[in-house]
Amino acid sequence: NQLGEHRKAVANLEILHRTRKATAPALLLLGDLYLTLELPARAFIAYKAALDLEGNLPPSHYIRAATHLADQKAHEEADKFTAAIQKKYFTLLEGVDQLQFLNLRARLHMAKDEAPQAAKLLQELVEKDPHNGEALILLGRTHVALQDPDRATIAFERAARTYTHGADALVEHARLLVGQSNYSEATKLLQQAQQIEPRPRIGEYLDAVSRAARSQRSLQD
């Protein structure tokens with residue numbers, strides 16, 4: 001079975017690691033396999049060993065590994081690995097690598113409820129990359145956490161104009177409006193989102209919000 005194959009591969013790569021014969025790509029693969037086996041602490045050790053080798057791979061490989069840790073909610077390990085990447089590469093990071101790294105660091109700040117630090121990084125990110133829909137949505141969420149709905153609205157509206165994240169941004173903006181009991185405007189945004197990308201879960205949410213809008217109107221009449 002696949003799990004057995006993974007364990008066998010881990011055992012072989014661990015032998016290379018302990019005899020100091022493993023290359024950086026082999027250590028990164030070992031880290032990925034540990035994450036598949038839901039062992040983030042061991043994944044971090046393997047990733048860090050890859051980063052510490054002389055004659056390194058491009059930084060994108062390490063940023064990808066750190067992102068895998070964050071995706072698995074291994075925030076402590078992702079934090080430590082991101083700090084190690086920053087120490088080694090920060091002045092050398094540019095272009096897409098720099099943008100992805102800023103985005104990752106902002107995500108980790110949000111995971112630790114550090115909204116002000118996240119907002120600062122995301123602001124920097126959207127100045128460098130104004131059409132980064134993911135960063136704009138994160139920035140909007142950060143402003144929601146900081147109880148600044150006006151700035152959140154601006155970020156969601158900008159994200160809604162991006163080609164990649166339009167539907168998601170409309171849904172996030174609708175959630176903000178629902179929080180303000182503005183059900184009729186939220187309904188319009190959710191309808192737009194469903195036109196761009198129909199999703200059952202959002203369809204259910206739209207039904208609930210439009211019901212709330214109708215009952216709100218009947219109370220006002």
Side-chain angles (χ1 to χ4, degrees), residues 31 35 40-41 43-44 47-48 50-52 56-180 182 186 189 193:
L35 272 187
F44 165 74
Y47 288 152
K48 180 76 168 64
L51 183 70
D52 291 343
N56 252 317
L57 294 168
S60 58
H61 291 264
Y62 303 107
I63 296 167
R64 183 186 65 83
T67 305
H68 284 333
L69 286 166
D71 290 343
Q72 293 268 1
K73 305 271 188 288
H75 294 134
E76 192 186 330
E77 288 82 3
D79 241 3
K80 285 192 293 190
F81 194 49
T82 308
I85 295 169
Q86 179 157 2
K87 195 172 168 192
K88 180 150 194 170
Y89 280 116
F90 197 60
T91 51
L92 304 171
L93 290 180
E94 56 185 21
V96 175
D97 289 346
Q98 190 185 39
L99 299 178
Q100 285 180 337
F101 194 62
L102 283 171
N103 196 10
L104 175 61
R105 285 176 59 215
R107 270 179 66 189
L108 291 170
H109 279 306
M110 283 298 279
K112 291 189 291 182
D113 291 324
E114 296 171 352
Q117 294 91 322
K120 190 164 168 277
L121 285 173
L122 289 162
Q123 202 56 56
E124 197 183 324
L125 181 51
V126 298
E127 278 164 22
K128 291 183 200 302
D129 188 9
H131 304 294
N132 187 326
E134 186 187 358
L136 284 162
I137 287 176
L138 267 178
L139 181 61
R141 281 188 196 147
T142 312
H143 286 312
V144 170
L146 290 167
Q147 297 181 328
D148 191 341
D150 295 344
R151 282 191 172 168
T153 299
I154 292 165
F156 291 144
E157 284 175 349
R158 281 180 65 187
R161 292 195 289 273
T162 64
Y163 181 65
T164 48
H165 289 73
D168 288 341
L170 288 163
V171 172
E172 291 284 345
H173 190 179
R175 286 190 208 284
L176 174 64
L177 291 170
V178 166
Q180 298 168 333
N182 188 345
L189 294 181

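In what follows, every heavy atom counts, from backbone to side chain, and hydrogens, waters and symmetry copies are set aside. The model shown is predicted, which means the values in this text are computed figures rather than measured ones.
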Check the pair T67, Q100 against side chain to side chain contact (heavy atoms under 4.5 Å, CB included), reporting the backbone distance first and the verdict last.
-> CA-CA 9 Å; T67 305; Q100 285 180 337; over 6 Å; no
CA sep, side-chain torsions, deciding dist, call: Y89, L51, side chain to side chain contact (heavy atoms under 4.5 Å, CB included) | CA-CA 10 Å; Y89 280 116; L51 183 70; 3.8 Å; yes
Between A78 and A66 the two heavy atoms that sit nearest each other are CB-O, 4.0 Å
Kindly list each side-chain donor-acceptor pair under 3.5 angstrom involving residues 105-112, sequence neighbours excluded, with atom names and distances?
residue, atom, partner, partner atom, Å
R105, NE, Q86, OE1, 3.4
R107, NH1, D71, OD1, 3.2
R107, NH2, D71, OD1, 2.8
H109, ND1, E114, OE1, 2.6
K112, NZ, D79, OD2, 2.7

So OG1 of T142 and CZ of R151: to nearest 0.5 Å the spacing works out to 12.0 Å
When rounded to the nearest 0.5 Å, the distance separating CZ of F156 from CG of L136 is 10.0 Å
Would you name the heavy atoms of A135 and L125 that are closest together and state the gap between them?
-> CB-CD2, 3.5 Å
Distance in Å, L139 CG paired with I154 CD1, rounded so as to fall on 0.5 Å steps | 10.0 Å
Please identify each residue that fulfils salt bridge (charged side-chain N to carboxylate O under 4.0 Å, His left out) with D97, with sequence neighbours left out.
-> none
On a heavy-atom basis, the closest approach of P149 and Q180 is CB-NE2, 3.4 Å
Sequence neighbours left out, what passes side-chain contact (heavy atoms from CB on, under 4.5 Å) with P130? Give chain and number order.
-> R158
Inter-residue atom distance E124.CD - L99.CG, 0.5 Å rounding = 10.0 Å
Heavy atoms from other residues, nucleotides or ligands near CD of E76 exceed 12 (cutoff 6.0 Å) = no
Step by step, would you call H75 with K73 a side chain to side chain contact (heavy atoms under 4.5 Å, CB included)?
-> CA-CA 5 Å; H75 294 134; K73 305 271 188 288; 3.9 Å; yes
For I85 and Y47, what are the C-alpha separation, side-chain angles and deciding distance, and is it a side chain to side chain contact (heavy atoms under 4.5 Å, CB included)?
-> CA-CA 10 Å; I85 295 169; Y47 288 152; over 6 Å; no
Minimum heavy-atom distance between L69 and P40, given as atom pair plus value | CD2-O, 4.1 Å
Are K128 and L102 close enough that some pair of their side-chain heavy atoms sits under 4.5 Å apart?
-> yes
Measure the spacing between OG1 of T162 and CG of D129 and express it to the nearest 0.5 Å.
-> 10.5 Å
Taking C-beta and beyond as the side chain, do F81 and L104 meet within less than 4.5 Å on heavy atoms?
-> no
Report the distance from atom CZ of R175 to atom CZ of R141, rounding to the nearest 0.5 Å.
-> 8.5 Å
Could you tell me which non-hydrogen atom of A193 sits nearest to which non-hydrogen atom of L170, and how far apart they are?
-> N-CD1, 3.7 Å
Would you name the heavy atoms of L35 and A43 that are closest together and state the gap between them?
-> CG-CB, 3.8 Å
